[in-house]
Amino acid sequence: MVRCAPPWQTIRDSMTVVTRFAPSPTGMLHVGGVRTALFSWLYARRMGGKFILRVEDTDRERSTDEAVRVILDGMAWLGLTADEGPYYQTQRFDRYGAVIGQMLAAGQAYHCYCTKEELEAVRAEQTARKEKPRYPGTCRHGRAPRPGVQPVVRFRNPAQGSVVVEDLVHGSVTFQNAELDDLIIARSDGTPTYNFCVVVDDWDMGVTHVIRGDDHLNNTPRQMNMLLALGAALPTYAHVPMILGPDGAKLSKRHGAVSVLQYEEEGYLPDALLNYLVRLGWAHGDQEVFTREEMIAAFDIKDVNRAASAFNPEKLLWLNQQHMMRATPATLVPHLRAQLRRIGLDCDDQALLEGIILAQRERAKTMKEMALNSRFFFAEHVEIDPKAAAKHLGGGGRETLQRVRERLAGLGGWSTEAIHGALEALAAELGAGLGKVAQPVRVAVTGAAVSPPIDVTLALLGRERTLARLDAAMAAGSGA
RNA sequence: GCUCCCUUCGUCUAGAGGCCCAGGACAUAGCCCUCUCAAGGCUGUAACACGGGUUCGAAUCCCGUAGGGAGCGCCA
């Protein structure tokens, strides 16, 4: 992970766009984070720039390996490949320490000997007075070290003037420096804090466009002040709105705030998830379905909306099916195989799997659902749904099955056309509609009253299995 | 409480002063197609948060109000 010559020190083209996704592994990567990552990735791709992945793990207490794994695997599954990284902040502590030392020496930062208890007391008073809780500046103008107190380091924020954030999605936002207090950049144990690390990292890595959740908009002026103090160039900011749960409330575990990998398990296609997420807060005319290439070609961070949007599972489902129906069957085969394996079915017959995909994709919203609906193709014996049997195998049902069996057994070829012709001819002889013949066969062969067209179903199933199941259904019927 | 942000159909959105008694999509209702279920096609219900301005004219500009969100941490 550690490299001798970090790329940002060798490649330094100020003209190219550099974006980054900097998740913190304190919680699972969910759709909210993924969308921010997507916007950064898309923008870099669109501008022919670079996309960096950086893991913000400065909070060693709350960071977990599991969360890091989900970030890495999730990004890989989605195909949001980084041009650099992953970098880890915990491996850059020396660098942060050096910058802090430099700022201390320059008077841009200072030691603060106030204890947590003292500060909490001050905050309590301020809140009681209905004031904004803030650091009172006790140590700002120098203070003798206090025995037994390990000091923190605070950034000396300008007291006067204002900072204007020229945000790509919000426009200009002005903050008064008087509203900003001196934030802690190093804890008493010496470890640097988030707001400081991002600043150093984005600076070192040459990030030109900071695209992140709008919960960071309030942090931006302080970060800009630090960048200014360091003599660094300011990046362009774009604060994208957050995603709400389907109920309009904050994204919760109940819906949405689950690991992205959950969507893989549920049978969603990466392109469909990405397509869904890009349309949350962004649009390109009336277009709903986008391929990756189309997204890259049409995307611009400037077109992103300012308002938060609610996650809608139904539309994701619809889009997933749209992508399933537009994909080349062969590209879906690995997905189908994986889902079949989950339910204990192993099949490596490429032609059969492609045939099933073609037959099933317009009646399944996810690859998981497709696998579930296709079990009868592989099972040794089918369990016949009693309700379906009662409806279609009673009365003359069994007699119909016998006649179908005779026709199919003597059929010259085993194609959808041949099967279709035989069943239709039989229906005509019986003076009934195709349904009168197809439904009993469907129930006998699939166990249910629902399946792809009967000719397609039988063709895929094969003559041997078809006849065996017709026999089994007739035998079961006579026994009852 | 203070600071900042946000507000078009149930949901995602188009709309950058007249093209809008507001368009598309999901969902929903009905119809068509049809061997089942789907997919597909057609039709319908449904929105500019509210109040003032500016203007010949406002969803679009300005000011308020209300509601929602974020930040105010030795969390990120």
Side-chain angles (χ1 to χ4, degrees), chain A residues 22-27 56-59 61-63 89 112 114-116 119-120 123 126-135 150-154 165 167 170 173-176 178-181 183-191 193-195 197-198 213-221 239 241-242 244 246 248-250 276 279-289 305-319 321 325 360-365 373 388 392 420 423-424 427 433-439 441-443 446 448-455 457:
Chain A
S24 132
T26 51
E56 313 233 314
D57 53 353
T58 47
D59 184 353
E61 299 286 297
R62 302 194 304 155
S63 295
Q89 291 188 324
C112 169
C114 299
T115 63
K116 275 184 196 178
L119 294 175
E120 263 163 39
R123 270 195 285 271
Q126 288 168 330
T127 319
R129 267 183 271 129
K130 296 190 190 281
E131 282 172 17
K132 185 175 183 170
R134 50 191 300 149
Y135 175 64
Q150 280 297 315
V152 297
V153 178
R154 284 182 189 272
V165 182
D167 193 278
H170 289 276
V173 183
T174 306
F175 294 86
Q176 295 303 319
E179 291 293 335
L180 276 21
D181 58 1
L183 80 164
I184 291 172
I185 59 178
R187 305 181 179 94
S188 46
D189 66 2
T191 58
T193 59
Y194 162 79
N195 271 298
C197 295
V198 231
D214 66 6
D215 47 338
H216 289 283
L217 185 53
N218 286 295
N219 291 329
T220 307
H239 288 94
M242 51 188 281
L244 273 19
K250 208 163 159 186
Y276 176 71
R279 280 287 288 100
L280 239 39
W282 176 83
H284 182 63
D286 287 339
Q287 188 173 351
E288 295 289 350
V289 184
N305 282 163
R306 290 172 299 278
S309 39
F311 187 86
N312 183 337
E314 277 81 37
K315 188 157 183 181
L316 204 211
L317 241 16
W318 174 79
L319 257 178
Q321 185 173 29
M325 292 195 294
Q360 294 282 47
R361 63 182 176 180
E362 58 200 29
R363 60 205 99 234
K365 304 269 192 201
N373 292 347
H392 300 290
H420 190 83
L423 296 184
E424 213 158 48
L434 219 204
K436 209 68 186 160
V437 174
Q439 280 309 83
V441 175
R442 172 171 282 121
V443 172
T446 72
V450 171
S451 91
I454 196 66
D455 47 359
T457 303

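Atoms considered below: every heavy atom in the structure, side chains included; atoms not considered: hydrogens, waters and symmetry mates. The structure presented is a predicted model; accordingly, all values stated were derived computationally and were not measured. Each chain gets a letter, A, B and so on, in the order its sequence line appears, and its residues count up from 1.
With a cut-off of 3.5 Å on both Watson-Crick or G-U wobble distances, the partner of B/G64 is given as B/C50. The partner of B/A59 cannot be assigned: no Watson-Crick or G-U wobble pair with both contacts below 3.5 Å exists in any strand. When both distances must be under 3.5 Å, the Watson-Crick or G-U wobble mate of B/A70 is B/U3.
At the heavy-atom level, A/T26 lies nowhere under 4.0 Å from the strands shown. When heavy atoms are screened at a 4.0 angstrom cut-off, A/Q126 is found touching no nucleic acid atom at all. No contact: A/P241 has no heavy atom under 4.0 Å from any strand. Among the atoms of the strands shown, none is found under 4.0 Å from any heavy atom of A/T127. Nucleic acid contact class of A/V173 (heavy atoms, under 4.0 Å, all strands): sugar-phosphate only. Residue A/N195 is classed as a base contact, given a heavy-atom separation below 4.0 Å to a base. A/I454 comes within 4.0 angstrom of a nucleotide base, judged by non-hydrogen atoms across all strands. Here A/E314 lies in heavy-atom contact (under 4.0 Å) with sugar-phosphate atoms only. Note on A/E179: only backbone sugar-phosphate atoms sit closer than 4.0 angstrom, heavy atoms only; bases stay farther off. Among the protein residues, A/D189 comes within range of no part of the nucleic acid, since none of its heavy atoms lies under 4.0 Å from any strand. Nucleic acid contact class of A/T58 (heavy atoms, under 4.0 Å, all strands): sugar-phosphate only. Across all strands, A/S63 comes closer than 4.0 Å to no nucleic acid atom at all (heavy-atom distances).
Relative to the side chain of A/F175, the nucleotides B/U3, B/A76, B/U11 differ in distance, and B/U3 lies closest. Closest contact between the side chain of A/A283 and the listed nucleotides B/A14, B/A76, B/A39 involves B/A14. Checking B/U13, B/A76, B/U36 against the side-chain heavy atoms of A/N305 singles out B/U13 as nearest. Picking from B/A70, B/C37, B/G71 the nucleotide with the shortest atom distance to the side chain of A/K132 gives B/G71. Residue A/R279 has its side chain nearest to B/G24 when only B/C72, B/C35, B/G24 are considered. Candidate nucleotides B/C26, B/G24, B/C35 were compared by shortest atom distance to the side chain of A/N312, and B/C26 ranks first. The listed nucleotides are B/G1, B/U3, B/A76; the one nearest the side chain of A/P133 is B/G1. Here the side chain of A/W318 is nearest to one of B/G1, B/A25, B/G71, namely B/A25. Closest to the side chain of A/K130, from the set B/A25, B/G1, B/U7, is B/G1. Minimum atom distance to the side chain of A/D215 is reached by B/A70, of the listed B/A70, B/G24, B/A14.
Contact annotation: the side chain of A/V198 approaches that of A/E56 to within less than 4.5 Å [non-hydrogen atoms, C-beta and beyond]. Between A/L183 and A/Y135 there is no side-chain heavy-atom pair separated by less than 4.5 Å. Within the 4.5 Å cutoff, no side-chain heavy atoms of A/Q321 are placed close to those of A/L317. Taking 4.5 Å as the limit, some side-chain heavy atom of A/D214 sits within range of a side-chain heavy atom of A/H170.
On the C1' atoms, B/U55 is 13 Å away from B/U60, given to the nearest whole Å. On the P atoms, B/G64 is 12 Å away from B/C4, given to the nearest whole Å. B/U65 and B/A29 are spaced 38 Å apart, taking the C1' atom of each and rounding to whole Å. Of the C1' atoms belonging to B/C6 and B/C50, the separation is 16 Å, rounded to the nearest Å. With C1' as the reference atom, B/U7 and B/A47 are 12 Å apart, rounded to whole Å.
For B/C5, neither phosphate oxygen OP1 nor OP2 lies less than 4.0 angstrom from any side-chain nitrogen or oxygen of A/H239. A/R123 has a side-chain polar atom (N or O) that falls below the 4.0 Å cut-off from OP1 or OP2 of B/G73. Note on A/K250: every side-chain N or O is 4.0 Å or more away from OP1 and OP2 of B/G68. Between A/S309 and B/U13 there is a side-chain polar atom (N or O) within less than 4.0 angstrom of OP1 or OP2. Between A/R442 and the phosphate of B/U36, there is no side-chain N or O to OP1/OP2 separation shorter than 4.0 Å.
A donor-acceptor contact shorter than 3.5 Å links the side chain of A/Q126 to the backbone of A/R134.
Atom CD in A/Q176 sits about 10 Å away from atom C1' in B/U3, given to the nearest Å. Distance A/H216 NE2 to B/G69 C1': 15 Å, rounded to the nearest Å. The CD-C1' distance, from A/Q360 to B/A39, rounds to 12 Å in whole Å. Straight-line distance from the CD atom of A/Q439 to the C1' atom of B/C37: 9 Å, rounded to whole Å. A/E424 has its CD atom 13 Å from the P atom of B/U36, to the nearest Å. Rounded to whole Å, atom P of B/C26 lies 7 Å from atom NZ of A/K315.
When the side-chain contact (heavy atoms from CB on, under 4.5 Å) test is applied to A/N219, the partners found at least two apart in sequence or on another chain are A/Y194, A/N195, A/H216, A/Q223. A/S451 pairs by the side-chain hydrogen bond (donor to acceptor under 3.5 Å, both in side chains) definition with A/R442, A/T457, not counting sequence neighbours.
Nearest-nucleotide positions on RNA chain B for A/V450 and A/D286 put A/D286 closer to the 5' end. Sequence order on RNA chain B of the closest nucleotides to A/W282 and A/P25 puts A/W282 first from the 5' end.
Heavy-atom contacts from other residues, nucleotides or ligands closer than 6.0 Å to CD of A/E131 number more than 12.
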side-chain contact (heavy atoms from CB on, under 4.5 Å) evaluation trace for A/L434 with A/L423: CA-CA 7 Å; A/L434 219 204; A/L423 296 184; 4.0 Å; yes
